[in-house]
Amino acid sequence: MQARLQDRVAVITGAGSGIGLATARRFASEGAKVVAVDLNEDAGKAAADEVGGEFVAADVSDEAAVKALFDGVAERYGRLDIAFNNAGISPPDDDSILDTGVEAWERVLKVNSTSVYFCCKYAIPHMLAQGKGSIINTASFVALLGAATSQIAYTASKGAVLSMTRELGVQFARQGVRVNALCPGPIATPLLMELFAKDPERAQRRLVHVPMGRFGTPEEIAGAVAFLASDDASFITASTFLVDGGITGAYVTPL
Ligand code: NAD
């Protein structure tokens, strides 16, 4: 395959696990220089080592840390081509609005939405300076579909990512900076699988809504992110980029 991302400098947040890790592998396989960012130092460093990239320990909900991250990358590499703002949390104390306290609400909004605001705020100036860049912000299919199995703060946080991304994509479209929202469907990351392997009924309750009848894989998401990051997506910005096994298109699914 053509190395679409040859020598592009790519920051991936939450690179230590799941979708971020699969994307670090995919970016590196397409020639990118990967900067793997994670709160979890062991996982983040392992990811960076595996793909021959650099590890930066940072909490993406910390404004000073995010500014230092992007300014540091621009200084060390002389450029910043791709920002995959992917780190996010889905904690168990985020549930029905009737049971979810404001502490959980604020924590989830901070890690899932405010972090994306920080990452875009401090990545975009470097991309504007070079007249080119691709930002992919991880939202979710839950930004588009309601669930009776609520995680109210998570859903609201992903809605914020989706609409913030659309606006940024429009604002910077004529300056060469593309900004897209990736909306994965349910993906078989270790966390999700541990939950559902223990409880097949909960898994089935979700899978019945997916036309393909299965969870996606982190590698399938990574392929979409690499596409959005590359020049193959040069006319795509401000998009709601669904990679969801058809879930948002479904009314009745096959048996
Ligand atoms: P994951 O838990 O496997 O990985 C997330 C990584 O982010 C972890 O390595 C974690 O240490 C890191 N992280 C968490 N908080 C951080 C912080 N404050 N600063 C820096 N790093 C931090 O998760 P995943 O399933 O790969 O999900 C990745 C993204 O995709 C998330 O934004 C998630 O909401 C979104 N998403 C996941 C699914 C799914 O089904 N798995 C579906 C739609 C969207």
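Worth knowing before you read on, the calculation uses all heavy atoms, side chains too, and leaves out hydrogens, waters and symmetry mates. Numbering of ligands and ligand atoms starts at 1, following listing order.
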If we only consider heavy atoms of [X], is any one of them less than 4.0 Å away from an atom in ligand 1?
{"X": "A58", "answer": "yes"}
{"X": "A139", "answer": "yes"}
{"X": "P186", "answer": "yes"}
{"X": "Y154", "answer": "yes"}
{"X": "D59", "answer": "yes"}

Under 4.0 Å, heavy-atom basis, I'd like to know which part of V37 is in contact with ligand 1: side chain, backbone, both or neither.
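Answer for V37: neither.
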Has ligand 1 got any nitrogen or oxygen that is less than 3.5 angstrom from a nitrogen or oxygen of [X]?
{"X": "L39", "result": "yes"}
{"X": "D38", "result": "yes"}
{"X": "V60", "result": "yes"}
{"X": "I187", "result": "yes"}

Among G16, S61, G185, G216, which one has a heavy atom closest to atom 38 (C) of ligand 1?
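Nearest option to atom 38 (C) of ligand 1, by heavy atoms: G185.
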Any protein heavy atom under 4.0 Å from atom 23 (O) of ligand 1?
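Protein heavy atoms within 4.0 Å of atom 23 (O) of ligand 1 - there are none.
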For T189, the ligand 1 atoms whose distance to one of its heavy atoms is below 4.0 Å
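Near T189, meaning under 4.0 Å from one of its heavy atoms, ligand 1 has 24 (P), 25 (O), 26 (O), 41 (N).
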Nearest protein heavy atom with distance in Å, relative to atom 31 (C) of ligand 1
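Ranked first by proximity to atom 31 (C) of ligand 1 is N86 O, 3.2 Å.
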For atom 3 (O) of ligand 1, what's the nearest protein heavy atom and its distance?
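Its nearest protein heavy-atom neighbour is S17 OG, 2.6 Å.
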May I ask you to test the T114-Y117 pair for a side-chain heavy-atom distance under 4.5 Å?
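T114 reaches Y117 side chain to side chain.
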Please tell me whether S230 and E30 have a donor and an acceptor in their side chains that are separated by less than 3.5 angstrom.
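Short answer, no.
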